[in-house]
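A short write-up of the structure that comes next.
Just so it is clear, the structure is predicted and the values come from calculations on it, not from any experiment. Numbered from 1 within each chain, the chains take letters A, B, ... in sequence-line order.
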There are 2 protein chains.
Amino acid sequence: MTHFGKSIRSRREHLHLDDKRFSLRQVALRIGIEPAYLSKIERGEVSPPSEATTVRLAHELGEDPDVLLALAGKVSGDLQNIIRKRPKLFAELIRQLKEAPDHALLHVVREVRDGEW
Amino acid sequence: MTHFGKSIRSRREHLHLDDKRFSLRQVALRIGIEPAYLSKIERGEVSPPSEATTVRLAHELGEDPDVLLALAGKVSGDLQNIIRKRPKLFAELIRQLKEAPDHALLHVVREVRDGEW
DNA sequence: CAAAGTGTGTACTATTTAATACACATGACA
DNA sequence: TGTCATGTGTATTAAATAGTACACACTTTG
């Protein structure tokens with residue numbers, strides 16, 4: 001139980017300050033869930049919603065879906081699919097990067113983006 | 001639905017050839033599930049078991065847990081935890097590596113293992 | 001002041017997940 | 001021949017997941 005609920009509530013309330021379309025009800029209806037359910041989610045009365053709903057919420061609030069999914073205790077299904085296709089390689093790589101500092105990760109990201117193998 | 005069941009059945013039957021301890025029943029009891037349940041799993045009559053059970057099965061059969069979990073359509077919880085701590089970095093890295101050939105992945109793995117950052 | 005919009009409490013539900021328990025027929029084996 | 005082990009069919013289930021439906025009280029606002 002992280003602060004998924006608090007996080008999206010404060011984000012939504014911030015947006016609500018200068019846009020009345022970000023009331024709990026209107027957001028709920030736009031992302032296709034019941035207002036009462038979103039209320040419970042924001043207050044942490046229920047566990048975070050499904051991946052699909054979390055992603056719609058992220059888009060609605062202008063948040064990074066991967067970050068919001070992480071707060072929800074999940075990892076995006078498309079990332080899981082990538083890993084599942086080469087489980088040994090990805091498992092080794094990810095475990096190896098567990099303790100690496102952020103700048104090392106960034107370094108690898110750039111290297112892969114620019115590198116020609 | 002991949003061939004999770006077929007895969008473990010053939011693996012178990014192979015081990016059974018020269019070790020009677022690898023009967024369906026005995027394996028089931030050693031990993032702590034009902035023989036009838038393992039029977040259904042092997043024949044694909046039910047979906048693959050939980051992560052914990054899959055991992056015990058992998059150890060029992062001398063298989064790589066990450067590979068068996070992948071066949072079961074899952075990604076190990078500990079990998080997910082690593083990703084969830086730095087979702088943006090890992091998401092970008094993994095998506096970038098989606099199309100990279102195996103040797104490129106291996107290259108990165110080695111670089112991270114040996115590299116000093 | 002009435003109508004509309006707001007957030008929330010309570011009750012309920014369908015589906016999926018991850019199994020158990022028991023009975024049965026078959027085959028090995030001593 | 002009896003007993004032991006083997007694999008499987010049938011029935012059932014406890015818990016988790018992912019929500020809906022409706023009523024209510026309060027607050028704008030036209």
Side-chain angles (χ1 to χ4, degrees), chain A residues 1-2 4-58 60-61 65 68-69 71-77 80, chain B residues 1-2 4-58 60-61 65 68-69 71-77 80:
Chain A
M1 297 285 166
T2 19
F4 179 87
K6 283 192 198 295
S7 166
I8 64 164
R9 164 148 295 188
S10 77
R11 174 67 178 160
R12 184 184 58 73
E13 283 178 340
H14 174 73
L15 294 170
H16 197 196
L17 290 180
D18 40 45
D19 188 343
K20 66 181 193 310
R21 297 178 64 256
F22 285 92
S23 75
L24 183 149
R25 265 169 190 268
Q26 295 193 36
V27 168
L29 294 181
R30 280 202 298 280
I31 67 174
I33 62 175
E34 288 292 310
Y37 184 38
L38 180 53
S39 172
K40 283 172 235 171
I41 291 168
E42 289 195 350
R43 284 171 298 126
E45 202 192 286
V46 299
S47 44
S50 67
E51 174 174 344
T53 297
T54 300
V55 169
R56 288 200 306 278
L57 190 50
E60 187 63 34
L61 301 181
L68 210 53
L69 283 171
L71 282 179
K74 307 181 200 245
V75 169
S76 150
Q80 297 199 36
Chain B
M1 295 286 166
T2 18
F4 180 86
K6 283 192 197 296
S7 166
I8 65 165
R9 166 150 293 190
S10 78
R11 175 67 179 160
R12 185 184 56 74
E13 283 178 342
H14 174 74
L15 294 170
H16 198 194
L17 290 180
D18 41 45
D19 189 340
K20 65 181 194 309
R21 296 178 64 257
F22 285 92
S23 74
L24 183 150
R25 263 168 193 271
Q26 295 192 37
V27 169
L29 293 181
R30 280 201 298 280
I31 67 173
I33 63 175
E34 288 292 311
Y37 184 38
L38 180 54
S39 172
K40 283 171 236 172
I41 291 168
E42 289 194 351
R43 287 170 297 128
E45 203 190 286
V46 299
S47 45
S50 68
E51 173 174 345
T53 297
T54 300
V55 169
R56 290 200 304 279
L57 190 51
E60 187 64 33
L61 301 181
L68 209 54
L69 283 171
L71 282 180
K74 309 183 200 244
V75 169
S76 149
Q80 297 199 35

Interatomic distance where [atom1] belongs to [X] and [atom2] belongs to [N] [whole Å]:
X: B:Lys20; N: C:dG27; atom1: NZ; atom2: C1'; result: 17 Å
X: B:Tyr37; N: C:dA18; atom1: OH; atom2: P; result: 7 Å
X: A:Glu45; N: C:dT8; atom1: CD; atom2: P; result: 10 Å
X: A:Glu13; N: C:dT6; atom1: CD; atom2: C1'; result: 12 Å
X: B:Arg25; N: C:dT26; atom1: CZ; atom2: P; result: 15 Å
X: B:Leu38; N: D:dT8; atom1: CG; atom2: C1'; result: 12 Å
X: B:Arg56; N: C:dA18; atom1: CZ; atom2: C1'; result: 12 Å
X: B:Leu29; N: D:dG7; atom1: CG; atom2: C1'; result: 13 Å

Q.
Does B:Arg12 form a side-chain contact (heavy atoms from CB on, under 4.5 Å) with B:Glu60? I'd like the steps, not just the answer.
A. CA-CA 9 Å; B:Arg12 185 184 56 74; B:Glu60 187 64 33; over 6 Å; no
Look at [X] and [N] and indicate whether a side-chain polar atom (N or O) is within less than 4.0 Å of OP1 or OP2.
X: B:Arg21; N: D:dA5; answer: no
X: B:Arg12; N: D:dT6; answer: no
X: B:Thr53; N: C:dA19; answer: yes
X: A:Arg43; N: C:dG9; answer: yes
X: A:Arg9; N: C:dT8; answer: yes
X: A:Gln26; N: C:dG5; answer: no
X: A:Lys74; N: D:dA18; answer: yes
X: B:Ser50; N: C:dA19; answer: yes
X: B:Ser23; N: D:dT6; answer: yes

Q | Heavy-atom donor-acceptor pair, A:Arg56 side chain to A:Ile31 backbone, under 3.5 Å | A |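 Such a contact is found between A:Arg56 side chain and A:Ile31 backbone.
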Q | Donor + acceptor pair across side chains of B:Ser39, B:Arg43 (<3.5 Å) | A |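 Checked: B:Ser39/B:Arg43 side chains pair up, N/O donor to acceptor below 3.5 Å.
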Q. Using rotation axes that map the C1' atoms of four end pairs onto the next four (five pairs an end), what angle separates the end axes of the helix from C:dC1-D:dG30 to C:dA30-D:dT1, to 10°?
A.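 About 0° separates the two local helix axes.
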Q | Pairwise 5' ranking along DNA chain C for B:Glu51 and B:Ala36, keeping only the more 5' one | A |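 Per heavy-atom nearest nucleotide, the more 5' residue is B:Glu51.
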Are the side chains of [X] and [Y] in touch, meaning some heavy atoms are under 4.5 Å apart?
X: B:Val27; Y: B:Arg30; value: yes
X: B:Val46; Y: B:Ile41; value: yes
X: A:Pro65; Y: A:Thr54; value: no

Q.
Nearest heavy atom decides the nucleotide; on that basis, is B:Lys40 or B:His16 closer to the 5' end of DNA chain D?
A.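 Looking at the nearest nucleotide for each, B:His16 comes out on the 5' side.
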Q: Go through A:His16 and A:Leu24 one step at a time and tell me if the side-chain contact (heavy atoms from CB on, under 4.5 Å) criterion holds.
A: CA-CA 9 Å; A:His16 197 196; A:Leu24 183 149; over 6 Å; no
Q | Verdict with reasoning, A:Leu38 to A:Ile8, per side-chain contact (heavy atoms from CB on, under 4.5 Å) | A | CA-CA 10 Å; A:Leu38 180 53; A:Ile8 64 164; 4.2 Å; yes
